[in-house]
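Data block below; observations after.
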Amino acid sequence: MKKIAAFNWKLKPTNIKEAQATLRAHKKYAKAHPDVQVVSAPPMPFVHKLISDVSPVGLCAQDVSTKFDGAHTGQSSAAMLREVGCSYVIVGHSERRAEFGETDTMVSKKAQIALEQGLTPIICFGEDDRDAQGRYVDLLTEQLKGSLELISDKNSSKIVLAYEPIWAIGTGASITTDDLFSTLILIKKILVDIYGERRANKVQILYGGSVKDHNADELAAVPGVSGFLVGGASHKPEMVKAIIASLA
Ligand code: 13P
């Protein structure tokens, strides 16, 4: 399975010219490393403008509705995302959980509806704090089980997980390689509980939280890391280059 370098643009940039430049960098380094699956998640208004020239990058949305259609102002359905050329969608990002009160149940529904439409959901989860008492272990377990509740055994091979500790996002302070390794073992154990060992081994787990050019190599070398979900560095070509190269 190819490793995945997924770039979450968040609410940037403000204009189409810069958006084209960002995508250009993703495409350039994706072409240089065909063994890495590069995924790019622009803000929705730019997707249609960018889709005609996206290959070999996989186009990704930053969110999806839990609904198929109807009276739901401001939302985009999974079928619409597929229609405009998306093949991936991020669900349950911590910023959406915090700003829009998304629950594990909603996240699971979003992942399920994405799968029904042939999209690959990138399901995000992560603790807000790494307390000395280890409460984060219970929180991660609960969050992951809740977010996967509607994902059948059969579909478990079609999802991607993104472990994004909230305390590391946008701070420049990434997780240590030891902590990442032990957390990946914990995540794997939870997956074995849910899906059994054979299926659990097939689930790809990305790390997200201040992945930059200077730490990508050491994080990529942690056993169990299937790739990265990158925020701020998505808009910096030199960082994009180093991050994709670290996964090759
Ligand atoms: P940063 O890489 O800016 O820390 O963001 C990570 C993230 O939230 C990606 O979804």
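In listed order, ligands and their atoms are each counted from 1.
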Does the plane of the ring in Phe228 sit parallel, tilted or perpendicular to the ring in Tyr207? Use 30° and 60° as the thresholds. perpendicular

Asn8 neighbourhood, listing ligand 1 atoms whose heavy-atom distance to it stays under 4.0 Å: 9 (C), 10 (O)

Non-hydrogen atoms of Ile187 and Phe125 that approach each other most closely: CD1-CZ, 3.7 Å

By ring pair (Phe, Tyr, Trp, His ring centres under 6.0 Å), His93 pairs with (sequence neighbours left out) none

For atom NZ of Lys27, decide whether the heavy atoms of other residues, nucleotides or ligands shown that lie under 6.0 angstrom number more than 12. yes

What are the atoms of ligand 1, with element, lying closer than 4.0 Å to any heavy atom of Glu164? 6 (C), 7 (C), 8 (O), 9 (C), 10 (O)

From Val54, Thr22, Leu59, residue fulfilling side chain to side chain contact (heavy atoms under 4.5 Å, CB included) relative to Pro42: Leu59

For ligand 1, which atoms have a heavy atom of Gly170 less than 4.0 angstrom away? 1 (P), 3 (O), 4 (O)

Output every pair passing ring pair (Phe, Tyr, Trp, His ring centres under 6.0 Å) with a member in residues 38-67, not counting sequence neighbours, ordered by first then second residue. none

Options Ser174, Pro165, Gly231, ranked by nearest heavy atom to atom 1 (P) of ligand 1, top entry: Gly231

Give the atom numbers and elements of ligand 1 that come within less than 4.0 Å of a heavy atom of Ser210. 1 (P), 2 (O), 4 (O)

Ligand 1-proximal atoms of Leu229, by part, heavy-atom distance under 4.0 Å: both

Hey, is Ala233 one of the residues with a heavy atom under 4.0 angstrom from ligand 1? no

Taking side chain as C-beta onward, heavy atoms only, is Val230 less than 4.5 Å from Asn8? no

For Gly208, is the nearest heavy atom under 4.0 Å from an atom of ligand 1? no

Which of the atoms in ligand 1, numbered in the order shown and given with their element, are less than 4.0 Å from a heavy-atom of Gly232? 1 (P), 2 (O), 3 (O)

Can you check which of Gln62, Glu95, His93, Lys10 brings a heavy atom nearest to atom 5 (O) of ligand 1? Lys10

